[in-house]
Every structure is written in C-alpha cells, then in structure tokens.
Amino acid sequence: MTTPMMYAIQAAALWSGLLILLMLVLSGVVVSGRRKHMVSFGDGGNADLMAASRAFGNLTEYATPGMIALLLLAAVGAPAWMVHGVGATLLAGRISHALGLLFQTGPSLGRVVGMLLTWVALLAAAVGLIGFAVV
C-alpha cells in the first residue's frame, strides 16, 4: 500500500532525478567546450566556455540544497503536491537560467526568470520545512 509519504518521496525522487540529468547535460556541454577549445582546466578565457562552466556551476550551487529540501519535505510529511510544486519550479528555474547563460550574453530574461523561479522554489521549501518543523 502506498502511503502519502511514499507519494511525496516519489515526487522528490522524480525532481531530483531530473535535476541530476540536467547536471549531466550541462557537464557534457562543459566537457565538449573544453575539447573544442583545447582547454584542460577552467575556461581558458573563452567566453562560451565560461558561460557553460557557470551554467553548470550555478546549477549545482542551487540544485543541491533544493534536492535536499525536496527529500526533507517528503520526510517531514509535506504533501506530494507541495514537493511536486517545489521540484517543478526549481527545475524550470534552473533550465531557464542555464539557457539564458548559454544562449545570450550579458543580462538576459532567461537568467532573471530562472533566478526568480529558483528563489521562489527555495523560499517555498524553506517556509514549508520551518512550518512542518514547528507544528
């Protein structure tokens, strides 16, 4: 029998898995760029490689605490819809941000929307975790 907590854990697993796949894709973009530009470490001063490296780095900086928050939400009894909402918003934000970095130079709408969605997801997770902790 599947319990409400199991549905929430499955939701956390789904969004964490999708975020990890995005990490692998962006890691591949960095590796490909390094091979193309013959750079063994860092970005070699190449703007495209710098953007790819930051897209990957920024994803890992925000997705990692987001994935932990998803699992903790499920563990403290948050409903699956809440875990899905946080996970979907976080993934959409990270994709938007990465695309804004990879395909536009300077400030971009993708980066702004991506950060806003990411902050909304993390804020919702934080408020939910605090709420479930004190009730």
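Rounded to the nearest 0.5 Å, atoms CZ (Phe132) and CG (Leu73) are 7.5 Å apart. With values rounded to the nearest 0.5 angstrom, Asp48 atom CG is found 6.5 Å from Lys36 atom NZ. Atom NE2 of residue His97 and atom CG of residue Leu102 lie 10.0 Å apart, to the nearest 0.5 angstrom. Interatomic distance, Arg54 CZ to Met50 CE, rounded to the nearest 0.5 Å: 10.5 Å. Atoms CG and NE2, on Leu70 and His84 in that order, are 10.5 Å from each other to the nearest 0.5 Å.
There is no path of hydrophobic side-chain contacts, each under 4.5 Å, that joins Leu101 to Ile95. Transitive grouping of hydrophobic side chains (ILVMFWY, heavy atoms separated by less than 4.5 Å) brings Leu22 and Phe103 into a common cluster. Under the 4.5 Å side-chain heavy-atom criterion for grouping Ile, Leu, Val, Met, Phe, Trp and Tyr, Ile68 is connected to Val76 within one hydrophobic cluster. The hydrophobic clustering, which links ILVMFWY residues whose side-chain heavy atoms are closer than 4.5 Å, places Val39 and Val31 apart. Linking Ile, Leu, Val, Met, Phe, Trp and Tyr whenever their side-chain heavy atoms come within less than 4.5 Å puts Val112 and Tyr62 in one cluster.
At least one donor-acceptor pair under 3.5 Å links the side chain of Thr118 to the backbone N or O of Gly114. Remark: the backbone N or O of Leu49 is paired with a side-chain donor or acceptor of Ser53 at under 3.5 angstrom. Remark: side-chain polar atoms of Thr60 are paired, donor with acceptor, to backbone N or O of Gly57 under 3.5 angstrom. Listed for the Ser96 side chain is a donor-acceptor partner under 3.5 Å among the backbone atoms of Gly110. Under a 3.5 Å cut-off, the side chain of Ser16 and the backbone N or O of Ala12 do form a donor-acceptor pair. Checked by atom type and distance alone, the side chain of Thr89 pairs as donor or acceptor with a backbone atom of Gly85 at under 3.5 Å.
Here Glu61 does not pair with Arg94 in a salt bridge; the nearest charged N to carboxylate O distance is not below 4.0 Å.
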Residue pair Trp15, Leu91: steps toward the side chain to side chain contact (heavy atoms under 4.5 Å, CB included) verdict: CA-CA 7 Å; Trp15 297 109; Leu91 180 65; 3.7 Å; yes

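For OH of Tyr7, the number of neighbouring non-hydrogen atoms (other residues, nucleotides, ligands) closer than 6.0 Å is 12 at most.
By the 4.5 Å heavy-atom criterion applied to side chains, Ile20 and Met67 are counted as neighbours.
Closest approach of Pro79 and Ala8 over heavy atoms only: C-CB, 4.4 Å. Counting all heavy atoms, side chain and backbone alike, Arg111 lies closest to Gly100 at CG-C, 3.8 Å. Scanning both residues, Ala74 and Met5, for their nearest heavy atoms gives O-CG, 3.6 Å. In terms of heavy-atom proximity, Leu26 sits nearest to Ala98 at CD1-CB, 3.8 Å.
Grouped by direct or indirect side-chain proximity (heavy atoms under 4.5 Å, Ile/Leu/Val/Met/Phe/Trp/Tyr only), Val127 sits with Leu123.
A side chain to side chain contact (heavy atoms under 4.5 Å, CB included) with Leu90 is found for exactly one of Leu117, Leu19, Val120, namely Leu19.
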